[in-house]
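Remember, predicted model here, so these are calculated numbers, not experimental data. Scope of the values below: all heavy atoms of this structure, side chains included, with no hydrogens, waters or symmetry mates. Proteins get letters first, then strands, A, B, ... in listed order; numbering begins at 1 in each.
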There are 2 protein chains.
Amino acid sequence: MTAPPATAASSASEAPKRKAPDAATATALKLFVVLARAQRAIHERTQASLEAHGLTGTEFAILEALYHKGPLLLGEVQRKILVSSGGITFLVDKLAERGLVERKLCPTDRRARYAALTRKGETLMAAVFPGHAEAICEAMSGLSRAEQKQATALLKQLGLSAASQGGKA
Amino acid sequence: MTAPPATAASSASEAPKRKAPDAATATALKLFVVLARAQRAIHERTQASLEAHGLTGTEFAILEALYHKGPLLLGEVQRKILVSSGGITFLVDKLAERGLVERKLCPTDRRARYAALTRKGETLMAAVFPGHAEAICEAMSGLSRAEQKQATALLKQLGLSAASQGGKA
DNA sequence: ACCGTACATCTCACTACTAAGATATTAGTG
DNA sequence: CACTAATATCTTAGTAGTGAGATGTACGGT
């Protein structure tokens with residue numbers, strides 16, 4: 001998995017060669033930059049524990065969903081991890097080649113396929129998951145638990161608001 | 001630019017089929033998920049204003065850096081927007097093909113090249129930047145200014161801490 | 001002047017996706 | 001039952017990058 005490129009951190013304050021954005025804009029731009037940077041830093045820190053097992057973050061997300069929820073329709077997995085329909089086919093193909101998941105027929109809808117962890121996939125997740133959770137804890141350790149909860153509340157509000165501003169338009 | 005795939009939102013509370021993670025871990029995992037989701041939502045919302053001009057987010061980040069700072073060495077741009085060395089060559093090539101930037105020799109170091117906006121690139125940025133800043137403001141409007149500042153402070157602390165936890169190791 | 005190390009950029013092969021459209025199946029309507 | 005619209009997955013071609021290594025260049029020490 002790749003981390004998103006960062007936006008240049010300059011906008012708000014360093015060298016306002018052309019414009020002095022009003023204060024509200026400056027506040028929003030600053031949040032935009034630190035959000036991108038924080039996400040990137042956390043992302044890089046936590047992917048290391050997955051790479052050691054030969055998994056990308058997206059692959060792990062699929063396995064994790066199946067691990068915690070049991071077999072799921074491909075479409076359900078797709079909506080959960082937010083990749084394209086072509087992407088989920090490709091990713092499940094690769095995981096199936098490695099023997100970690102298998103496709104199963106859906107008895108009530110012959111268009112649909114389930115993805116399910118194999119024994120091998122379960123074993124892998126049991127080995128990988130605790131270390132990954134710990135890596136996330138460590139990556140977040142710059143904030144106290146109270147601060148983490150505060151940040152979670154703010155980000156949830158922000159994310160829901162942004163997501164509802166037009167879905168895909 | 002592509003948004004990073006989301007992690008399955010399930011880990012913390014929905015169907016703890018196998019494990020009841022301790023409370024500190026649950027807090028960190030939850031923050032991990034909402035951080036990824038918020039970043040993704042904001043990202044999608046704000047890229048729309050760039051796509052209308054045929055720019056990816058990364059391309060815009062390069063142009064923005066040059067717009068606000070003037071000509072920069074390729075290496076400086078690279079560090080600012082966090083892409084690989086191969087990536088910055090590729091991206092500047094594409095922007096140069098479109099006549100938005102040009103390479104210039106560095107008089108004091110013949111290994112180095114400057115990237116600089118052309119007249120056309122400046123014009124484009126003057127047209128694109130205000131709308132993009134406004135899109136960011138709107139995307140952030142789910143939080144009040146005070147909340148935005150609070151979130152910025154928390155995320156800055158989180159990002160710096162995570163980034164210093166091993167740089168690349 | 002000459003060496004070795006450290007850069008700055010570029011080249012090339014590869015990866016992890018996305019978007020659009022094809023195919024197969026289901027469900028609803030008259 | 002035939003027809004249509006909606007779904008679920010797969011196929012194909014293309015994109016935005018990464019990473020390793022190849023040049024070409026700079027500079028401190030000798």
Side-chain angles (χ1 to χ4, degrees), chain A residues 1-7 36 40 43-44 47-48 50-51 54-63 71-98 101-116 168, chain B residues 1-7 36 40 43-44 47-48 50-51 54-63 71-98 101-116 168:
Chain A
M1 176 143 55
T2 58
T7 297
R40 186 186 178 101
H43 184 87
E44 278 178 4
Q47 294 317 300
L50 302 181
E51 276 167 31
L55 291 173
T56 67
T58 310
E59 289 167 346
F60 177 81
I62 294 176
L63 296 178
L72 295 173
L73 294 175
L74 289 191
E76 293 174 326
V77 178
Q78 184 197 332
R79 279 185 293 279
K80 198 168 285 297
I81 68 168
L82 304 177
V83 295
S84 64
S85 68
I88 197 65
T89 296
F90 172 76
L91 287 161
V92 170
D93 280 353
K94 279 203 318 179
L95 291 171
E97 269 173 33
R98 289 157 67 183
V101 309
E102 55 192 348
R103 284 187 172 83
K104 296 194 169 176
L105 296 177
C106 173
T108 64
D109 186 340
R110 278 190 302 188
R111 296 168 301 180
R113 300 280 179 276
Y114 282 104
K168 197 73 181 181
Chain B
M1 176 146 46
T2 57
T7 296
R40 184 183 180 104
H43 183 85
E44 277 176 5
Q47 295 317 297
L50 302 180
E51 275 167 31
L55 290 174
T56 67
T58 309
E59 288 167 347
F60 177 82
I62 294 174
L63 297 177
L72 294 172
L73 294 175
L74 289 191
E76 293 174 325
V77 178
Q78 184 197 332
R79 278 185 293 280
K80 197 169 287 297
I81 68 167
L82 303 177
V83 294
S84 63
S85 68
I88 196 64
T89 296
F90 172 74
L91 287 160
V92 170
D93 280 353
K94 280 202 317 179
L95 291 171
E97 269 171 32
R98 290 157 66 183
V101 308
E102 55 191 347
R103 285 186 172 83
K104 295 196 169 177
L105 296 175
C106 174
T108 64
D109 185 342
R110 279 189 301 188
R111 295 170 302 179
R113 300 279 179 276
Y114 282 104
K168 198 72 181 179

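Of all nucleotides listed (D/dG17, C/dT9, C/dC17), D/dG17 comes nearest to the side chain of B/L91. Taking only side-chain atoms of A/S84, from C-beta outward, the nucleotide of C/dT18, C/dC17, D/dG19 with the closest atom is C/dT18.
Nucleotides of DNA chain C nearest to B/L73 and A/F90 differ in position, and the one nearer the 5' end is that of B/L73. Nearer to the 5' terminus of DNA chain D, by closest-nucleotide assignment, is the contact made by A/T89 (compared with the other of A/T89 and B/S85).
If you take CG of B/L72 and C1' of C/dA8, they are 15 Å apart, rounded to a whole angstrom. In this structure, B/I62 places its CD1 atom 12 Å from P of D/dA16, rounding to the nearest Å. One interatomic measurement links the two molecules: CG of B/D93 to C1' of C/dT9, which rounds to 11 Å at whole-angstrom precision. Per the geometry, CD belonging to B/Q47 stands 18 Å off P belonging to D/dT15, to the nearest Å. In this entry the distance linking OH of A/Y114 with C1' of D/dA8 reads 13 Å, nearest Å. For the pair A/L82 CG and C/dA16 P, the interatomic distance rounds to 19 Å; values are reported in whole Å. Residue B/I88 contributes atom CD1, which lies 19 Å from atom P of C/dC7 at whole-angstrom precision. In this structure, CD of A/E76 is placed 13 Å from C1' of D/dT7, rounded to the nearest angstrom.
Note on B/R103: a side-chain N or O is less than 4.0 Å away from OP1 or OP2 of C/dC10. A sub-4.0 Å separation between OP1 or OP2 of D/dA16 and a side-chain N or O of B/K94 is present.
For A/R110, the CZ atom is loosely surrounded, since the number of other residues' heavy atoms within 6.0 Å does not exceed 12.
Note that the CG atom of B/L74 and the CZ atom of B/R79 stand 10.5 Å from one another [nearest 0.5 Å].
Among the protein residues, A/G75 comes within range of the sugar-phosphate backbone only, with heavy atoms under 4.0 Å from sugar or phosphate atoms but none that close to a base.
Nearest heavy-atom pair across A/G57 and A/L50 is CA-CD1, 3.9 Å.
Residues A/R113 and A/L73 form no side-chain contact, since every pair of their non-hydrogen atoms from C-beta on lies 4.5 Å or further apart. The side-chain heavy atoms of A/L91 and A/Q78, taken from C-beta on, include no pair separated by under 4.5 Å.
Listed in residue order, the members of residues 104-112 of chain B having a heavy atom less than 4.0 Å from DNA chain D are B/D109, B/R110, B/R111.
One finds a salt bridge joining A/R40 and A/E44 here, because a Lys/Arg side-chain nitrogen approaches an Asp/Glu carboxylate oxygen to under 4.0 Å.
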Begin with the C-alpha distance, continue with both residues' side-chain angles, and end with the deciding distance and a verdict on side-chain contact (heavy atoms from CB on, under 4.5 Å) for B/R103 and B/D93. CA-CA 9 Å; B/R103 285 186 172 83; B/D93 280 353; 2.9 Å; yes
